[in-house]
Amino acid sequence: GAVVSQHPSRVICKSGTSVKIECRSLDFQATTMFWYRQFPKQSLMLMATSNEGSKATYEQGVEKDKFLINHASLTLSTLTVTSAHPEDSSFYICSASVGGLGEKLFFGSGTQLSVL
Amino acid sequence: GENVEQHPSTLSVQEGDSAVIKCTYSDSASNYFPWYKQELGKGPQLIIDIRSNVGEKKDQRIAVTLNKTAKHFSLHITETQPEDSAVYFCAASISGNQFYFGTGTSLTVIP
């Protein structure tokens, strides 16, 4: 299967700071990348969908100014949590779909964000 | 929009027994149904998938069945092993444009 690399795996930051999470497709070009948020023992909550070179589409209730998504190339998407607060603490996971592989969706390893 | 329901939420089986997880979906246009395994602190891993033109697919101890008429699909794990313990998610998609996930099943395989 395709490999999606996500970094960092864990980050602890102070309230008010910004955190950037990177998501890379290592062996394929990702036409579409998705960002999810996951609370303990819960399912995946889609935050936004990004296509290379265009603005991300955010799900209802997700603040686009707080969760900045950049999909500058076919292999890299970033999520920046701006002015992080304790309530932003969560497990963030990126994923990438590949049309060439039959629209399969592959996930990164996730980032555990803890805001103090 | 699509609604995916998954049952059971928790499942415990003895090692060597079979485990079955069921999902239903609402949108008849959904045509791709992947299953993911998520271990603690990790991202979901694609373990098997099925397309709407196929009724069953098998990969070693894992199999998936699809009933388009009833709009439900199931994951079957045979000869379960402790390393199968994880959370499993089903999903439904319309040609990969959007993925809708079930609420997950926490599987525990008891040695």
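Side chains included, hydrogens not; waters and symmetry mates left out as well; all remaining heavy atoms used. All figures in this text were calculated on a predicted structure; none of them were measured in a lab. Every chain is numbered from 1, with letters handed out A, B, ... down the list of sequences.
For B:Gln60, the CD atom counts as loosely surrounded, since its 6.0 Å shell holds 12 or fewer non-hydrogen atoms of other residues, nucleotides or ligands. Other residues, nucleotides and ligands contribute over 12 non-hydrogen atoms within 6.0 Å of the CG atom of A:Leu116. More than 12 heavy atoms of other shown residues, nucleotides or ligands fall within 6.0 angstrom of atom CZ in B:Arg61.
In this structure, chain B has heavy atoms under 4.5 Å from both the backbone and the side chain of A:Leu105. There is no contact between B:Gln6 and chain A, counting heavy-atom distances below 4.5 Å. Interface residue B:Tyr36: only side-chain heavy atoms are found under 4.5 Å from chain A. Heavy atoms closer than 4.5 Å to chain B are found in the backbone of A:Gln42, but not in its side chain. Proximity to chain A involves both the backbone and the side chain of B:Pro44, based on heavy atoms less than 4.5 angstrom apart.
Distance check, rounded to the nearest 0.5 Å: CZ of B:Phe101 to CG of A:Leu44 gives 5.5 Å. The distance from the NZ atom of A:Lys41 to the OG1 atom of B:Thr103 is 14.5 Å, given to the nearest 0.5 Å.
A:Met33 and A:Val62 fall into different hydrophobic clusters, defined by Ile, Leu, Val, Met, Phe, Trp and Tyr side-chain heavy atoms under 4.5 Å apart, directly or through other members. The hydrophobic clustering, which links ILVMFWY residues whose side-chain heavy atoms are closer than 4.5 Å, places A:Ile21 and A:Met47 together. Cluster annotation: A:Phe106 and A:Ile93 are assigned to the same hydrophobic cluster (Ile/Leu/Val/Met/Phe/Trp/Tyr, side-chain heavy-atom contacts under 4.5 Å, transitive). With hydrophobic clusters built from ILVMFWY side chains whose heavy atoms lie under 4.5 angstrom apart, A:Tyr92 does not share a cluster with A:Phe39. There is a path of hydrophobic side-chain contacts, each under 4.5 Å, that joins B:Trp35 to B:Val109.
By number of non-hydrogen pairs under 4.5 angstrom with chain B, the leading residue of A:Gln38, A:Arg10, A:Met45, A:Gln6 is A:Gln38.
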Contacts under 3.5 angstrom, residues 75-84 of chain A side chains, donor-acceptor by atom type, not counting sequence neighbours:
| residue | atom | partner | partner atom | Å |
| --- | --- | --- | --- | --- |
| A:Thr75 | OG1 | A:Ser73 | OG | 3.4 |
| A:Ser77 | OG | A:Trp35 | NE1 | 3.0 |
| A:Ser77 | OG | A:Asn70 | O | 3.4 |
| A:Thr82 | OG1 | A:Asp65 | O | 3.1 |
| A:Thr82 | OG1 | A:Lys66 | O | 3.1 |

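The shortest distance between side-chain heavy atoms of B:Tyr32 and A:Lys104 falls below 4.5 Å. Contact of the A:Thr32 side chain with the B:Gln98 side chain is not registered, since no non-hydrogen atoms from C-beta on lie closer than 4.5 Å.
Between the side chain of A:Ser43 and the backbone N or O of B:Gly102, at least one donor-acceptor pair lies under 3.5 Å.
Of residues 75-89 of chain B, those residues with a non-hydrogen atom less than 4.5 Å from any non-hydrogen atom of chain A are, in numerical order, B:Phe89.
A pairwise comparison of heavy atoms in A:Phe91 and B:Gln38 identifies CE2-NE2, 3.9 Å as the closest pair.
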